[in-house]
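So the structure is just underneath, and the comments pick up after that.
Lettering of chains follows the sequences in order, A, B, ..., and the numbering in each one begins at 1. Keep in mind it's a predicted model, so treat the numbers as computed, not measured. Values below: all heavy atoms of this structure, side chains included; hydrogens, waters and symmetry mates excluded.
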Amino acid sequence: ADTDVKIVLNEEADLLEPCMATRSNIGRIILENISETLTELDVRGGKGLQPRLAESWAQQPDGSWRFTLRKGVKFSDGSDFDAKDVKFSFDRAMDKSITCETPRYFGGMTVTAKVVDDQTIDFSADPVQPILPLLISLVTIVPEGTPVSFIREPVGTGPYKLTDWTPGQQIVLERRDDYWGAKPAVTKATYLFRSDPAVRAAMVQTGEADIAPSISQLDATNPATDFSYLDSETVYIRLDHSMAPINDLRVRKALNMAIDREAFVGTLVPKGTLLATSVFPPPTLGWNKDVKVPAYDPEGAKKLLDEAKADGVPVDTKLTLVARTANFPNVTEIMEAIQQQLQEVGFNVDLKFYEVAEFEKLYSKPYPTDRGPMLVTAMHDNSKGDPVFSMFFKYASDGRQSGISDPKVDGLIKRASAATGDDRAKLWSELVAYLHDDLAADVLLFHMVGYSRVSERVDFKPTMATNSQLQLSEIGFK
Amino acid sequence: MLTFIRKRALASLISLVGLVVLVFFLSRLTGDPAALFLPEDATEAMRVQFRELHGLNDPVLVQFGRYVWDLFHLDFGDSIRKARPAIDVVLEAFTWTLQLAIITMVLVTAAAIVVGSLAAFRAGGFFDRIASLVSLIGASAPDFWIAIVAIVVFSISLGWVPTSGTGTVLHWILPIAVLFIRPFGLIVQVVRGSMISALSSAYVKTARAKGVRARPIIFVHALRNAMLPVITVIGDQAASLLNGAVVIETIFGFPGVGKLMIDSILQRDFNVVLAAILVTALAIFLMNLLIDIAYAVLDPRIRY
Amino acid sequence: MAEHLLEVRNLSVEFHTAAGVVKAVKDISWYLDRGETLAILGESGSGKSVSASAILDLIDMPPGRITSGEIRFDGKDLLKLSASQRRDINGRKIAMIFQDPLSHLNPVYPVGWQIVEALTTHGVDRVAAHAEALRLVTRVGIPELENALKKYPHQFSGGQRQRLMIAMALAMKPDVIIADEPTTALDVTVQAEVLRLLDELQQETGMGVLIITHDLGVVAEIADRVVVMNAGEIVETGSTREVYKNPQHPYTRKLIGAAPGRGEMHPPLETREPVLKVRDLQKYYSAFHALDGVSFDLMPGETLAVVGESGSGKSTLARILLRLDEPSGGKAFWKGRDLFTLLPAELFKLRRELQMVFQDPTQSLNPRMTVYDLISEAWVIHPEILPRKQWRSRVAELLVQVGLRPEHAVRYPHQFSGGQRQRIAIARALALEPQLIVCDEAVSALDVSVQAQVIDLLDKLRKEMGIAFIFIAHDLPVVRDFADHVMVMQKGKVVELGTVRQIFEAPKMPYTQALLAAGLDPDPDVQAERREARLKLARAAG
Amino acid sequence: MTHNEAMPETPGPITRFARMLWADKFALAAAIFLLVVLVMALIGPAWLDAAAQKQNLRGRNAPPFQLDFGWLWFLGADALGRPLMARIIVATQNTMMVAAGAVVVSAIAGSMLGLIAGYAGDKVSQVIMRVADVIMSFPSLLIAVIVLYVFGPSVTNLILILSITRIPVYLRTTRAEVLEIRERMFVSAARVMGASQKRIIFRHILPVVLPTLTTIATLDFAYVMLAESSLSFLGIGIQPPEITWGLMIAQGRQYLTNAWWLSFWPGLAIILTTLSLNLLSNWLRIALDPVQRWRLEMRGHKNG
Ligand SMILES: Nc1ncnc2c1ncn2[C@@H]1O[C@H](COP(=O)(O)OP(=O)(O)OP(=O)(O)O)[C@@H](O)[C@H]1O
Ligand SMILES: Nc1ncnc2c1ncn2[C@@H]1O[C@H](COP(=O)(O)OP(=O)(O)OP(=O)(O)O)[C@@H](O)[C@H]1O
Ligand SMILES: [Mg+2]
Ligand SMILES: [Mg+2]
C-alpha cells in the first residue's frame, strides 16, 4: 500500500531481543517500534529526556527515583502493561543467565527496582545515580513471563508488531491498532538487508526501498534524496601513556600538531565532518566549545620533538599506528595519510591493520605485555547524550580502554558522574579541557558524518540517532 | 562398484570426523568469542558470565566431549549470535547456496562445453580467439566489478531486473550471470585444451571415415574422451560455489552460506562454523564421489 | 572411355615436418572398376596408407598437403567436393578398414555402439542397425555375440579388433572398400573367412575392393590387378598373374623373391637347460578363461613361435610373462626364479633381460618422444649398456638394421607409417640387448622384403647372442622360416607343441591341420587351383 | 660403419622455440608483456617507490589521460593523489611474488600428490584423496584466521594459505588423468623397459597432464591476485602502505561509479597478465605436442 515502507539496512539482525536493543542492528528495527522504554532521549528537537512509558519521574529524598507509568498500555500479545512488567524487564536484562547489553550501562552500581503499585515503580541505586532516568531510557520493556533467554519474537508495547521474519531475507513489522499513543502514518515496514552501500543506494533509486541509512558519501550524489547528518561516531587515536616516548607531553603535542585535520574534510572524510575535541559529539552534555582543535603546525611539532630529543626522550622509537580494517569509510587511505603526516615531522611510524578480534586484543585491557608504543585508532559511538558512557572507559585509570592514568582525571570523572544539572555539565567540560589541552591525552580526529538516502515519496529526516534507532512513527509521506 | 562406494563412504566418514576434530580445535585457537559478542565496553563480570553461559571456561577437551556427545544426538549446538540451533541457520542458508550452485553449474557446464569444443574444433580460428579472449577476460576480472556494473546497467539504467534480493525469478538472473563468468572462463579453457588433443586422435579419423557429421564427432566421439579433466574442474568450481559465493551474496543480498560462514568465522560463532563446514563438506564429499564414479563411467579403462 | 568406379590421377601428397617436407606420395595414378579387386603392394612407408586416406579426406591439412591430382569417384572429383558432400560419400559409398585397429576404435564407447553408428549416420534406424550390427559381427566371427557388442575395444584381442573394424566398414555395403592391411592380425583360418566374406559381398553388390597388403598370398587369393609402390611412386601395375610371373621392376622382383616360406626349416636344437619354464598359466577375465593352463619350456637361443586362433590368448600370455598383467594362476620361472613373486628391485634387473614388441605399435610409442628418445630411453634407464657418447651412432645403426633411415631419428611416431612404427618398436626392444624378446605380431605389418631383412636380423641375433624369442605370429611361412618350436593355441589352451618340422610336416591335431590348409600361396595360379578345389567341395556339399 | 653424419642435426631447442614463438604473434605479444611485467617486478620498487608513496590530497582521484603532472599521472591518481601508474609498477613485485608463489606452490604440491595418488596403491591414494576432500571443504578464510592466530601474519603465510586452498584442483585433475594415462600402452612399454616409477610418472605421464595443469594455473593466477586482497583485511600478508594490484582494486572498489580508474587499471593489469599467461600456455601446449606442433612450424615457413 501507499503507506508501506521498505527500509534497507546494512546487516541483518541476528536476534530481535529487546534487551539487546542498544545494539544498532537490533535497535534500528525494534527500539521504540516494538519495544518501548520508560524514558526517551529526544535528539531530534533537542528537548532532552522525554516521557514514553513513564508519564513522569522524580528523585526521592533517599536518592532513588520514582517513575509513574502510563495507564491503558497493552502489549502486542494483549496483556496489560504495569509496574511488574517494568521490574521484570529490568531484572531480566540484568540476569546472569542471559548476556544482555544492558548491564554495561549499569556498571559500578547496584540498582534495584521496587514495585510500588501497578502504576508506580521505584529504582534505587547505590551509589546514587543522578542520571538514572537517562539510563532507564536504555531498558526496553517486555511482558512479565518472557523467557530469560534470548528470544526471536519480541512482544512489546510499541506501535508495531513483528509479523514476519524470514531469516536472510526480510523482517516485517505491521502497525498495531491498539497502540496507546498516536497512530503513526506507516502501516507496514519491511526491512531488507544488503551489506554493499552502493547497492543500498541503488535500491532507493530504483524504488526497491524507501530508506537506506548509512550509504557511502560517494554514492550520495542526489541532493533531493540524500541527507547527511552527524552520526555520533568519533574517530580518535588512543595514546598509550605508559610507553616512551609517548609518555612525554611534548611528543603527544607534536603528534597532535602534525596532523592536518582540515585537509581530510571534504576529501577523505565527507564535508560536514566536525573536527573532534572530545570523544563524544557536540549535542552531548558537557561538550566544551572553548576547546580548540590543535592547529596544524608541522614546524612546531618538529621543534617540540627536537626539544624532547634534547632531553633524552627516545623520539626515534618506532611507533605502531594500529587500525581496524573496514572500521569506517576510507580507513586505509586516512591511516596512510596520517602515517605520512607523522613521518613528515620526524616520527618513525609503522602502520598495521587488524581484523576485529585481533584489534580488540590491542584496544582493550589487559594490553599485551610485549607491546611497543602504540597509537590505536578507534571509533567510538555515543549518542546517549551524556559523557558518562564514554569517559570512564576511555580515561579512568581502570577504564577498559584507557591509555592514561591520571588522578585528576579519575577525580573529575567521579565527581561529574555523581553531579546533576549544570554542575554536571561544567565538570564534564572541565574534564574535556583538561584532557585535551593539558594532557594531550590522545589525538582526537573527527566526529563523523553519515549519509542516508530517503525516497522522495517518504518524509523522513535522519538524525544522529538513526545509527541506533529508526522510529517508524517519525516517518511520514509526502 | 558397490564395494568401491562402500569403501569410499567409510573413508569419507573418517575424513568427516577428522574435519570436525580439526575445525573444532583449530578454531578455538583463534580467540575469544566473548570479546566479539559483547560490546567493547562490557564489564569483566559480563565477560565471565558470557563465557560461563556458553561453556567456554571449561577445558577444551571437555567442550569437545560435550560437542561430540550432542552431535551424536544430532544436536549441532546453538548459534551464539542468533540464539537458535546452528544447524537450522546453516540449512536455511545452504538451501539457497545449493540451488544457486546447481543452477549456475548446469548452465556453466553446458555453455562452456559447447563453446570450448567449438573453439577447439577450429583451434586458432576466429571463433576460438574471440571465445578465449572474452571468457578469459571475464574469468580474470574482479567479480565485484562485474556485479556492480551489471546492477548499474541492468537494474538502474535499464530497469530490467531488481538490483538484489530474492523472491522472484528475476532476482536470480544477475547473481547467476555474475557467478557464471569465472567458472565459464576456466572450463572453456580446459575443454578447449583437452578437446584439441582428442580431436586429433585416430578414432576421430575413423568417425570421419564413417561419414559422421562434425557435431557428433565433436560432442560424441571426442568430447567423452576429453571429459576427465573437465569434470574434475567442474567439480572444483562447484565446490567453491558450495562453499559460498561471498561477493555475490554480499552485493546481491543473497542469503547463502558464504557470508554466513565468513560472519561466523569473524565473530567466532563456532557452532555455526562447524555446522556449516559439516554440511558443505558432506555435499562436497558426495559430489566428489559422484565425480569419481563418473570417471569410471566415462572411461571404461579406469578401474578402481 | 568409360568412367572407372574410382580413379586416382596424378596424386601427390606431402607432409610438413620440422626437418623439412616429406613427399609421401608422388604423382600416382590407378583405377578401380566395379566388382574388381585391386591390390596395392609395396614397401612399408611407400605411401599406401596416405593415398588411401586421401580418398576419404582423412589427411590432416595442414600439415599434410595434396599438391596435385584428382580423385574421381562416380564421375566427380572428390577433391573438389564440399566437406559435407564428402561426408555423405564416406562410409556409405567408400569405406575404410584401418591398419591399426586399436587406436582407430574409440576407447570409451562399446564396439556395438560404434558399429551401429556407422549405420545410423547414414539414415538406418536404430533397431535395424542393431540387428545388422549383430549380423555383421557374426559374419566376421566374433564369439559371444550379444555380450561382445557391449564390450569396449580394450577388452578384445588384436585380431578381434581388426574384425570389428571390418564389420564396421562393411556395414553400409559400400561401393568401394579400402582395406588397409585388413588381415595382419588374423590367423589364417580367420583370414580365409574374412577374405571369403569380402569376396561374397563383392559378388552380391559388385563393390570394388582396394586392398593394401604386403601378403603376397592374400594378393594371389583375391586380387585381380596389382599396383606396386615404392618410395611414394608406382613402379609397376598389371594383372596379378602378370606381375607375379613376369615382374618388370627390380623392386617387384625383389619383393616376390623375398616371399617367405621357402627357406630351410631350422634343424632341431640340442636340448639345453631352459631359461624360461611356464607351468599351468591361467588368466580369467571374470568368468572368461583367456588362458587356461598353458605350459612350455624355452631354451636360450630358441625361437618359440606361438600361432593360433585370434583371441586364443597369445597376447595375454605375453603380457603376463612381462608382468604387465597379473596371472590368475600358474607359475613361470625365468632362470629358475619365480617371475611372479619377484621384488621390485629384482624385477627391475629382470626387465633388461625380457623385452617385448607390442602388437599395436602406435599405442606403444609415446607420442611425445622422438624416435631417438624412444630408442635411447633404454640406455637412460639402464645406463650400463652403452656410454652416452655412442647413443647417436647406435640409434642410427639400429634404425638402419630394421630398414629405416638415420634421419628418421628426429621424427615423432605419428609421422610414420604402420610398418615403420613396428620397426621402431623392434629397434627399441633390441636396444636393451635382452635375452628374451616376446614379439607379438612384430613383423606382420612389414612388406616381405623388409620382413625378410628383419627376420634375418633377428635370426642373426639369436645365433650370435643367444637371444630367445617367443614369436607370436599368424603368418605361417614366416614361422616356418624362423621358428625352432611351434606352439599352437586355441581358446586359451595349447593344442599342439612341437618342432617346426613336426608341426609343418606332420601336424597331429585337426586345428593345426586346418590352420596349415588355410595357408595361402603367393603364386596366383596355385591359389586359383586351390580356390577351384574349394568351390567344388562346397558345391558338392551344398 | 658410422651413421653420425646421416642423422640430421636439429636446430637447438632455443632457436626452435624462438621460431615457434615468432610464428604465433599473440603468444609473442604475451611473452613480451610478461617480460615487461617481470622487469617491473624486479626494478619497480627501487625505481618508483618514492613517487608511488607521495601523497597529494589536492590531486586526489585525478582523472586519467592527462599529462599535466607528468607521465606517472597519465593513468590518474588514487584517493590520496598518488600516481596510479607508479603504484601499479611498484605493486608488481608484491603481486607477482604472492601470486606466483601461491600458484607455483599449489600447482607443484597438488600435481605431485595427484601423481602419487593416481599411480600409487589404493591405500595411499585413498588417504591423499580424502585429505584433499577435507581441504576442499575447509573455508579458506578459516584457514587464514587459524594461520594468522597460530603463526602470525607474514607474506610466507599468506602464500601458504592461498596455496593450500588451491591444492585440491591440481591434485584431482592430475589424478584423474593419471588414472587414464597409466592404462595406455606406451606406459606399459616403458614398464617393460624397466623404467622406474619416477621416470614413468615424470617422463611419460606428466607431459600429458601438464597442459591442463598450466591452463588451470594461469587462471588461478588471476584468482590468487584477487583473493590475496581479501585476506589482507585480516591483517595477513601485504598491507598498506605496501601495495598489490589486488589491494589497489579493493581500495578502488567504492569509487567504482565515481572514479572508475582507481580499480580499473590494476584490474586491467591482472586481466592482461592472466591473458598473457594463458596465451602463452596455449602456445606452449601446442609447441610441446608433436602432433600439434605443425601449427606453429608451418606458419613461419609459408603462408599455408
Ligand atoms: N604426418 C606425417 N608427417 C610426416 N611424414 C608422414 C606423416 N604421415 C606419413 N608420413 C610419411 O609418409 C610415408 C608414407 O606413409 P604411409 O603410411 O602411406 O605408408 P604405408 O605405405 O602405408 O606403409 P606401411 O605398409 O608401413 O603401413 C611414410 O614414409 C611416412 O613416414
Ligand atoms: N581386458 C579384457 N577384458 C575382457 N576380456 C579380455 C580382455 N583382454 C583380452 N580379453 C579377451 O581375452 C582373449 C585373449 O586375448 P588375447 O589378446 O590374448 O588374444 P590373442 O591370442 O593375442 O589374439 P590376436 O591374435 O587376435 O591378437 C580374447 O578373447 C579377448 O576378448
Ligand atoms: Mg600403412
Ligand atoms: Mg594379440
Neighbourhood of chain A inside residues 78-86 of chain D, taking heavy atoms under 4.5 Å as contact: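 Those residues of residues 78-86 of chain D which have a heavy atom under 4.5 Å from chain A are A79(D), L80(D), R82(D).
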Report the C-alpha separation of L351(A) and E242(D) in whole Å, then their side-chain angles, then the decisive distance to 0.1 Å, and conclude whether the side chain to side chain contact (heavy atoms under 4.5 Å, CB included) test is met. CA-CA 10 Å; L351(A) 179 56; E242(D) 291 272 310; over 6 Å; no
If you count heavy-atom pairs within less than 4.5 Å of chain D, which of I334(A), L268(A), D260(A), L218(A) leads?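 If we count pairs closer than 4.5 Å to chain D, L218(A) comes out on top.
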Measuring heavy-atom distances to chain D, does T332(A) have an atom under 4.5 Å in its side chain, in its backbone, in both, or in neither?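 Side chain of T332(A) only, per the 4.5 Å heavy-atom cut-off to chain D.
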Contact part of A198(A) toward chain D, heavy-atom cut-off under 4.5 Å: side chain, backbone, both or neither?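 Neither the backbone nor the side chain of A198(A) comes within 4.5 Å of chain D.
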Could you give me the CA-CA distance, side-chain angles and deciding distance for Q53(D) and Q343(A), then say whether side chain to side chain contact (heavy atoms under 4.5 Å, CB included) is met? CA-CA 12 Å; Q53(D) 296 298 349; Q343(A) 276 168 342; over 6 Å; no
With heavy-atom distances below 4.5 Å as the criterion, would you say the side chains of P197(A) and Q254(D) are in contact?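 No. Closest side-chain heavy atoms not under 4.5 Å.
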For Y149(D) against E355(A), the heavy-atom pair lying closest together: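 Nearest heavy atoms, Y149(D) then E355(A): OH-OE1, 3.9 Å.
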Residues, nucleotides or ligands: over 12 heavy atoms within 6.0 Å of E344(A) CD: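 Atom CD in E344(A) is packed in, count exceeds 12.
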Tell me whether the count of non-hydrogen atoms from other residues, nucleotides or ligands lying under 6.0 Å of NZ in K361(A) goes above 12.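 Count over threshold, so yes.
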Which distance, rounded to the nearest 0.5 Å, do you find between the CD1 of I243(D) and the CD of E336(A)?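 Output value for this atom pair is 8.0 Å.
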Spell out the residues in residues 316-330 of chain A that have some non-hydrogen atom less than 4.5 Å away from a non-hydrogen atom of chain D, in order of number; otherwise answer 'none'.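 Within residues 316-330 of chain A, the residues that come under 4.5 Å of chain D (heavy atoms only) are T325(A), N330(A).
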Contacts of R400(A) that satisfy salt bridge (Lys or Arg N to Asp or Glu O under 4.0 Å) - sequence neighbours left out: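 Here the qualifying residues are E44(B).
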Checking Q205(A) now: which residues fulfil side-chain contact (heavy atoms from CB on, under 4.5 Å) with it, not counting sequence neighbours?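 Per chain and number, Q205(A) pairs via side-chain contact (heavy atoms from CB on, under 4.5 Å) with R453(A), I156(B).
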